[in-house]
Each structure stands twice: as C-alpha cells, then as structure tokens.
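For the single chain, residues carry numbers from 1 onward in sequence order.
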Amino acid sequence: MSLLRRRVERPGGSRKRRQAGSGDSSKASADGGGDDSRLEEAVFGYQGRNDLADVLGAEAALAVQQRGKDNDSDSEDGDDTKMLNALEDEDGDEADESGEDGDSDGGNDHRDTLRQSKRRKPAWVDHDDTKLDVDISSVARLRKLRTTEDETFVAGDNYQSRLRSQFAKVHGQAAWANLDQQADEGNEYDPGSQLLRRAGPLLAGSAQHRRLPQASLDVTRQRDANYSVPSEAVVQATEFHPAAPVLFTAGLDKTLRIFQIDGTDNPCLQKTFLPDLPIYSAQFASQGREIIMSGRRKFFYSYDIEQGRVRKIHQIQGHTEKSLEYMRVSPDGKLLAFVGHDGTIIVLSNKTKQWVADLKMNGSVRQLAFSADSSRLFSSGDDGTVYVWDLGARECVHTFVDEGCVRSTSLAVAGNGTRFACGSDAGIVNIYDESCLTEHNPTPIKVIKNLTTAVDTLVFNPDRSGWLVGASESLSSLCADVGSYPSPYVFVLLLHVLATINSQILAAASRFKKQATKMVHVGSNTVFGNWPT
C-alpha cells in the first residue's frame, strides 16, 4: 500500500484523508504511526530535523527538507509523489502497509549507493559469445593467442579473454582509463591530475630526467609499417629515414617499397621493382637521399630517392665475387663495405661507387660494423676474433677474442664509442667497454643469456631519434637487416624513448625462433622485463 494511503497525525490536530475506493477513515494512534508518520511528516513539511535525520540520515534529510518544508499540507497535486520518489531513491526500500521501516540506517544506504557506483558493469553482454567457436590457427595474427601449437578453436568468451590479455601484455594497464577509480568521499576525482603527476620528467629539461629508466619501457604497438602494401615474399631489410618519418622495406620479391609512417594508414610513397636482384641487404646513404641495395649477385643497385632514378653498378673493379649479399654503409655516408670471399673486405667510395681498398683478415668474414665517426671498421668471422681496422691508414690496428665465442654472428658499436656487443651462434651476447680496444682477451662487463638461438641482429639505438623498428614477429632487426622469418608483413613496434642521449638501448634478436627479441638497458646492463617478445 502506498504511503499516500495512510492517515497521518499532524502537529496541531488530526486531519482525515480519503482513501481510494473506501469512505472509511480511522485515526492513527500515537504509537502506531511510528516511523511511518515521521516519514510522511517529512514529506508534508515537518521541521523536526532530529527525527528526520533518524529515519533518512543527515544528508538525505537535509535534501528533503530543502525541497519539502514549504509544501502545503492539503495540496493534492504531484508534489507529494515527487517527494516520495526522491525519498525512495535515497532509502531504496518502500514501506509496507504494516508500517515497517526496513530497520536500515539511511546513512549506510547512502554510502552503499556510492560504493555501488564504483563497481561498474558492462553496458551490454552478448550471451551468444559462449556458443561461438573461433579459429585462431588460420590467421597469422591470431596464432600468438594459442597456448599450444596444435590448438585450433576456442570458445567465444575464451577468445575475448585472450584478446584482452594480449592487449594488456603489449600496452599494459592504463591507470588513467580506469573508470572504477573514485575519489575519497567529499573530493572530486580528476583523471587529468594523474596524467600531470607523471608529466614532470617530460617538462623538466635537465639531462638526468632524460635518461632512460631501467625498470620498464613505454611501448606502444602501432599498425604494421607495410599494412597498405604488404610484401609478397620474406622481408630482408628495413630502416627508418634519418630525418623523416619514412621507412623502406626490401626483400626477396625484388621490390623496394617506401612508406610514410603515420601510425594510422602508413601509405606507400614509392615502389621500385628490380627484375634481376632479390634484395638481401639495403641501407640509407647520403643523409637519406639514396638507398644502396645488394644481394647474391656480382652487381648492386643505387636508388636516388629525390629523382626516383635507379642506377646499376655492374661489377666492382678488380674483383670477381659472384655474391655481394652482405653490405654496410658508413654513418657519414662516404664508404661502402662489402663482404668478399677468403676473408676480404671490399671498401668502395659511395660517391663514385669505385674501389678504394681491400682489408684482409684470417678466415672468412661474417659481420661488419662501423664506428659512429666512420673512422674505424669492426669485423668478425668463424674463429671468434674481432678485428679493428683504421680506415684512414687502411690497416688492422687491434684484435681481441670474444670470450666463449666459437662462431661470431653479429656485431654492434654504440654511437658514443663506449660499448661494444658481440653475438654468437650459441645465443650469447657479450657486452664490452673500451678495454676491448687495448686488451687481446678482454672480460665482458655483461653476458646476456636470454636468447637460445644464434643472435643475428645487434643494434644500439641511434642518437638521431628514439624510434626502434623491427621486422617479422621476432622483431629481428632494428634500423638494420631484418631476419628471414617467413612472414610477408613487417610488424613494427615503435618505442618512444624519453632520452635524447644515444646508445641507451641494445636490441638483440634471432630470426631462428619466433618472437626471440630482447631489449637491454645499457646503463645497468639489464634486460627490460616488460618487452612483449
């Protein structure tokens, strides 16, 4: 029975109200009206705040008094109904005809309502998801959701859960987007304040705030670099332009593609087909105005980006090599270094594309790396010995043995010249300081054992930007060669580094195992734990 159908004993005398459908009336006893009388007295304008607070709680009583204290007791318009609706919203419990008031404290009910607002529920749930089966083995990008190699179908709700877990693994949990976060009672929650609390290092200009923290990386998964025009074969090389948001891909489909990296569409700007050269190595040269490409042929190509012209260099003068598969461009863009046979390193002038010098080492040549100032060239081979060449004098000035290395597979030199990294076929990465330039058997300052297959890529982040790029699902190259893991897509993971000081990150990767990539914090020589591969 509605509260409006009760007879009320009001201050200053009793007043009869007519019940719907009945002409009988009765008087409310002094103790029978009880709490219900106080509720109705509150609606009809009674000013006794203490009794009202007992029933509704202080906050609800104050709200009701402000809205109902001046109401006319005899008014039978919709005001009483509005007040009762407000009252029911605060109490959450309608009184029954026996006069029970629910025995619940109004203040507690109000706090319960606040707590309920913190526990948000989905706006919509599709119960048919549990009836669906999703094939996660037929699409390459969904195979990473599998828990076992032979898993094919999963239920729809399980599929959704795995997608959420994969997203959190890559992007992490964004605290600022947590809608359930509420402020303390009496304080208004401002989500922007959380962002501003973390923006201090970005606004501060001192060098100490620009150093990369060692605990974790702020990584954002972007759209595939060649999403607009995928490669038709394995991508072998990719690199960012030194000054523009541009990236090229090249591979065994004999095609060079240049993309503008905007993070949304990544449109293809240029595409060049080389009919007689499956591309194995490619690098920017001449401050990004030119791309040098080579493969398992005795010739190589130069592509002028500004003029869109392709130039073929038919053969290196005085050499009979049938393969120029491995090539490196010096950081200043003046020299080209090709791996020849019988331990020969062929050095060419990038301007004239003519032979400059031959550097001969014992055994076969496997890896090459220039110093940041282009004055020295480092090379390694099958015996684990690293050669240091003075390009001005064109002679070997020092050699050192990579500790524990049987077969060298990768080399990297930091831009500041204080760190050197050597990778081997056992999956070991040794990091050396400058002592390796003076000692024949130096001791590495750190040994990285996080990879189990041959380390074919080692790259320090360059000083020109804080963007890192990798190819295939193993991210097998960063601004350098890309591993030949069979995937036609370049999966780009863009990492924005807060620091401007170079060589704070060492990337180590292996193309022989899926998602075999690790990021090393150079300052502390520790591996970043939140890197998603």
Side-chain angles (χ1 to χ4, degrees), residues 144 166 168-172 211-222 235 238-240 367 369 380 402-415 418-433 444-462 465-485 487 490-499 501-533:
K144 65 184 70 175
Q166 180 66 19
K169 179 181 177 182
V170 176
H171 299 278
R211 288 195 173 275
L212 188 68
Q214 70 182 62
S216 62
L217 287 173
D218 187 8
V219 184
T220 302
R221 175 69 159 86
Q222 301 290 334
V235 176
T238 183
E239 186 179 12
F240 270 113
Q367 294 295 321
S380 62
D402 183 17
E403 185 180 83
C405 178
V406 177
R407 181 174 178 269
S408 178
T409 56
S410 54
L411 280 177
V413 182
T418 60
R419 292 291 184 271
F420 306 86
C422 302
S424 68
D425 59 349
I428 303 297
V429 178
N430 291 329
I431 301 177
Y432 298 91
D433 57 12
I445 60 176
K446 182 64 177 180
V447 179
I448 306 298
K449 301 179 180 180
N450 296 74
L451 300 175
T452 58
T453 53
V455 182
D456 58 355
T457 298
L458 283 176
V459 180
F460 287 94
N461 74 295
S465 68
W467 296 99
L468 303 181
V469 60
S472 295
E473 292 188 10
S474 62
L475 192 70
S476 55
S477 174
L478 302 180
C479 302
D481 284 344
V482 178
S484 58
Y485 188 87
S487 172
V490 176
F491 293 95
V492 179
L493 290 171
L494 298 179
L495 170 66
H496 184 249
V497 183
L498 298 180
I501 304 176
N502 65 340
S503 305
Q504 295 195 60
I505 297 178
L506 170 65
S510 173
R511 62 178 175 174
F512 301 104
K513 187 175 181 181
K514 185 178 180 179
Q515 296 185 349
T517 303
K518 299 298 177 183
M519 296 292 172
V520 181
H521 184 268
V522 176
S524 61
N525 294 321
T526 56
V527 177
F528 288 104
N530 71 324
W531 183 256
T533 56

- request: Go through the structure and list residues passing side chain to side chain contact (heavy atoms under 4.5 Å, CB included) with S380, not counting sequence neighbours.
  value: Q367, V386, S408, L411
message: When you measure from the side chain of S510 to the backbone of A516, do you find a donor-acceptor pair of N or O atoms at a distance under 3.5 Å?
response: no
task: Give the minimum heavy-atom separation between F460 and R419, together with the two atoms involved.
output: CZ-CB, 3.9 Å
query: Got a sec, which residues hit side-chain hydrogen bond (donor to acceptor under 3.5 Å, both in side chains) with T452, two or more places apart in sequence or on another chain?
result: none
- prompt: Got a sec, which pairs hit salt bridge (charged side-chain N to carboxylate O under 4.0 Å, His left out) with one end in residues 406-415, sequence neighbours left out?
  reply: D382-R407
message: For the CG atom of N525 and the CD1 atom of I431, what is their distance to the nearest 0.5 Å?
response: 5.0 Å
Residues in side-chain hydrogen bond (donor to acceptor under 3.5 Å, both in side chains) contact with N450, at least two apart in sequence or another chain: none
query: Where do V455 and A508 come nearest, in terms of heavy atoms and distance?
result: CG1-CB, 4.4 Å
statement: For I505 and L217 the tightest heavy-atom approach is CD1-CD2, 4.1 Å
Any side-chain heavy-atom pair of V520 and V429 under 4.5 Å: no
message: Could you check whether any side-chain heavy atom of M519 comes within less than 4.5 Å of a side-chain heavy atom of V527, counting everything from C-beta outward?
response: no
query: Could you state the interatomic distance from OG (S410) to CG (D425), rounded to the nearest 0.5 Å?
result: 10.0 Å
- prompt: So how far is it from T453 OG1 to R511 CZ, rounded to the nearest 0.5 Å?
  reply: 10.5 Å
message: Ignoring hydrogens, what is the shortest heavy-atom contact between D433 and F420? Give both atom names and the distance.
response: O-CD1, 3.7 Å
message: Determine whether a donor-acceptor pair (N or O, by modelled atom type, separation under 3.5 Å) exists between the side chain of N461 and the backbone of Q504.
response: yes
- line: With sequence neighbours left out, the residues meeting side-chain hydrogen bond (donor to acceptor under 3.5 Å, both in side chains) with N430 are D402
- request: Apply side-chain hydrogen bond (donor to acceptor under 3.5 Å, both in side chains) to S524 and list each qualifying residue two or more places apart in sequence or on a separate chain.
  value: H521, T526
- request: Please name the pair of heavy atoms, one in A509 and one in L451, separated by the smallest distance, quoted to 0.1 Å.
  value: N-CD1, 4.0 Å
message: For a quick test of reading the model, state the closest non-hydrogen atom pair linking G423 to L458 and the distance between them.
response: N-CD1, 3.3 Å
